[in-house]
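Each remark here refers to the structure printed beneath this line.
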Amino acid sequence: MVKIEDYPLSRVPQTQRLSFLSVAIVHMGMLTALDQFMLGALLGHSMTLTDAFIAIFIGSLIFGVVTYGLGLAGMREGLSGSLLARWCGFGRIGSVLIGLIVAISLLGWFGIQNAIFAKSLNYALGNKLGFGWSAALSGMLLTTLVAFGFKALRLTARIAVPLFILLVIYISTLVLSGGTGNSLYEIIQLPHDGNTLSISAGITIVVGGAIVASLMTPDLTRYTKSGKHVFGITLLTIIAGEFIINGLAILIAKALNSGDVVTIMSQAAGGAGLLVVVFSTLRVNDLNLYSSSLGIINAIEGITGKKFRYRITTIVIGMLGTLLSILGILERFEEFLTILGVVFPPILGVMLIDYYLLRSHRKALDESRQQGTLPNETPMIGWAAIISSTIGSIVGLVIQWGVPTINSLLIASVSYWLIKLACQRS
């Protein structure tokens, strides 16, 4: 089994590299979950079928390029994404800031997934509790389980992803075989009923829904043996997550005329569907809360030198995530994905430019790799990388022309390249 926490501050030795399938299954799991189904349902309810698949294709292309590039670097160096960032422009403090951004994004995902849990719970109870109380109850329950290490939660959650995939297959077979009264051809021709999303907006939220996985890819590909394995892993994840899960969700959302996952599952599979949704949110939020807590603890320690207790941090973050649920972050799902789609691409662009084109620390990385160690010198903070990433994010959020996620990626990459060249000449 691939364990991200193994070798947290060192290279993965060649003797510990794993088979292609061992890493591929874990990587595919990041995009074959409830959040990708939610994304597909949003696209299906807000775009024509052609526009939705154009958005998926272009978004997947962007995701594939940056994921393969970063994953290949992780494979070569045997380093996790956060460690790699230290010698890819950001330095020690900069990599801590990246970890903090990831932790905050996972906090947002916790709030969204908890809201889905709460809606399922409230629906199952006949709206007796109300959404607010259901969100508070589900958030408190999950936070307590994660904070105090309830092992049964992880044991139960292991069956959630296979159950969810089986449920999606069942619903797809039921709906697309004419179970809703419409043939597949008629479903394809159905117009969308939600607020219209442009293709550029669709591309950005497709990237936003998967981009955190890009940054986490080196955490997994450092266990792979070759660049071919990295390419295959990236391709399989795109096919499984973006085209199969998203594609089926688009068609199902059109057939049932809803972008609401709870409504879709309750209409198509009744109580069993709601139960699988609950298990799926448990599985995803277990990891979201755990990883977010560790990320914030590491960020605080890296910046201040103080070590915060895991349980206290987890409880505080769980309370914040629950509050986000109650305040309606689920209603801002599209905006949340848009923010992710313009904040993370600049970070990845800077790392790729530094590693493959500028090669600022490649000599130190190459020499230390031969010894199986880390470079002796670690840059403290990469101002050029931080400034460029910030500029790219602002451009992606503010400029309406073109595709925001592409704008942010290109602006950050070009800015970083120009700033570094100017610094070298001065």
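Note that the coordinates shown come from a computational prediction; the quantities given were computed from them, not determined experimentally.
- One finds the CZ atom of R332 at 13.5 Å from the CG atom of L337 (value rounded to the nearest 0.5 Å).
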Pair L365-R359, side chain to side chain contact (heavy atoms under 4.5 Å, CB included): steps then yes or no
CA-CA 10 Å; L365 285 169; R359 303 168 67 93; over 6 Å; no
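- For the atom pair OG1 (T237) and NE2 (H27), the distance works out to 4.5 Å, reported to the nearest 0.5 Å.
- Heavy atoms of other residues, nucleotides or ligands lying less than 6.0 angstrom from CZ of F243 number more than 12.
- Side-chain atoms of S388 do not come within 3.5 Å of backbone N or O of A385 as any donor-acceptor pair.
- Side-chain N/O atoms of T224 and T221 include no donor and acceptor closer than 3.5 Å.
- Nearest heavy-atom pair, G209 versus L39, reported as atom, atom and distance to 0.1 Å: CA-CD2, 4.3 Å.
- A donor and an acceptor atom, one from each side chain of T67 and S214, are located under 3.5 Å apart.
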Could you walk me through whether F37 and I252 pass the side chain to side chain contact (heavy atoms under 4.5 Å, CB included) check?
CA-CA 10 Å; F37 191 89; I252 292 170; 4.2 Å; yes
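- The distance from the CG atom of L97 to the CZ atom of R92 is 13.0 Å, given to the nearest 0.5 Å.
- Looking only at side-chain heavy atoms (C-beta outward), E77 and L84 come within less than 4.5 Å of each other.
- Between the side chain of S46 and the backbone N or O of L43, no donor-acceptor pair lies under 3.5 Å.
- Under the 4.5 Å side-chain criterion, counting only non-hydrogen atoms from C-beta, M38 is not in contact with N246.
- Residues L256 and T263 form no side-chain contact, since every pair of their non-hydrogen atoms from C-beta on lies 4.5 Å or further apart.
- Taking both residues in full, the closest heavy atoms of L330 and A115 are given as CB-CB, 3.7 Å, listed atom of the first, atom of the second, then distance.
- If you take CD1 on I250 and CG on L42, they are separated by 9.5 Å, rounding to the nearest 0.5 Å.
- In plain terms, the two heavy atoms of G111 and S325 that are nearest each other are O-OG, 2.6 Å.
- Side-chain atoms of R11 never come within 3.5 Å of backbone atoms of Q371 as a donor-acceptor pair (strictly under, hydrogens ignored).
- Looking at S200 and P404, their side chains come closer than 4.5 Å, going by heavy atoms from C-beta outward.
- In this structure, G349 and S413 approach most closely via the heavy-atom pair CA-OG, 3.5 Å.
- Around the CZ atom of F131, the shell of radius 6.0 Å holds more than 12 heavy atoms that belong to other residues, nucleotides or ligands.
- Here the straight-line distance linking atom CG of L70 with atom OH of Y355 works out to 10.0 Å at 0.5 Å rounding.
- Under the 4.5 Å side-chain criterion, counting only non-hydrogen atoms from C-beta, L197 is in contact with E334.
- S80 and P218 get closest at one heavy-atom pair: C-CB, 4.0 Å.
- Residue F231 places its CZ atom among 12 or fewer non-hydrogen atoms of other residues, nucleotides or ligands, all under 6.0 Å distant.
- Judged by distance alone, the side chains of S258 and H45 never bring a donor and an acceptor atom under 3.5 Å apart.
- Comment: R369 engages D366 in a salt bridge, judged by a side-chain N to carboxylate O separation of less than 4.0 angstrom.
- At least one donor-acceptor pair under 3.5 Å links the side chain of N114 to the backbone N or O of G139.
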Steps toward side chain to side chain contact (heavy atoms under 4.5 Å, CB included) verdict (M216, L220):
CA-CA 7 Å; M216 295 175 65; L220 300 178; over 6 Å; no
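- Between D354 and K420 there is no salt bridge, since no side-chain N of the basic residue sits under 4.0 Å from a carboxylate O of the acidic one.
- Put simply, the side chain of Q424 reaches to within 4.5 Å of the side chain of L421, judged on heavy atoms.
- Between R222 and L79, the closest side-chain pair of non-hydrogen atoms is not below 4.5 Å.
- At least one donor-acceptor pair under 3.5 Å links the side chain of W87 to the backbone N or O of E377.
- Of all heavy-atom pairs spanning T217 and A213, the tightest one is OG1-O, 2.7 Å.
- Proximity of a side-chain donor or acceptor of T143 to a complementary backbone N or O of M140 within less than 3.5 Å is not detected.
- Sorted by first and then second residue, the pairs that involve residues 334-354 and meet ring-ring contact (aromatic ring centres under 6.0 Å, His included), not counting sequence neighbours, are W109-F336.
- Between I245 and L31 the shortest side-chain heavy-atom distance does not fall below 4.5 Å.
- Here the straight-line distance linking atom CG of L409 with atom CG of L352 works out to 8.0 Å at 0.5 Å rounding.
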Start with the C-alpha gap between F110 and L142, add the side-chain angles, then the distance that decides, and say whether side chain to side chain contact (heavy atoms under 4.5 Å, CB included) holds.
CA-CA 10 Å; F110 176 89; L142 186 60; 3.6 Å; yes
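- No donor-acceptor pair under 3.5 Å is formed between the side chain of N122 and the backbone N or O of S134.
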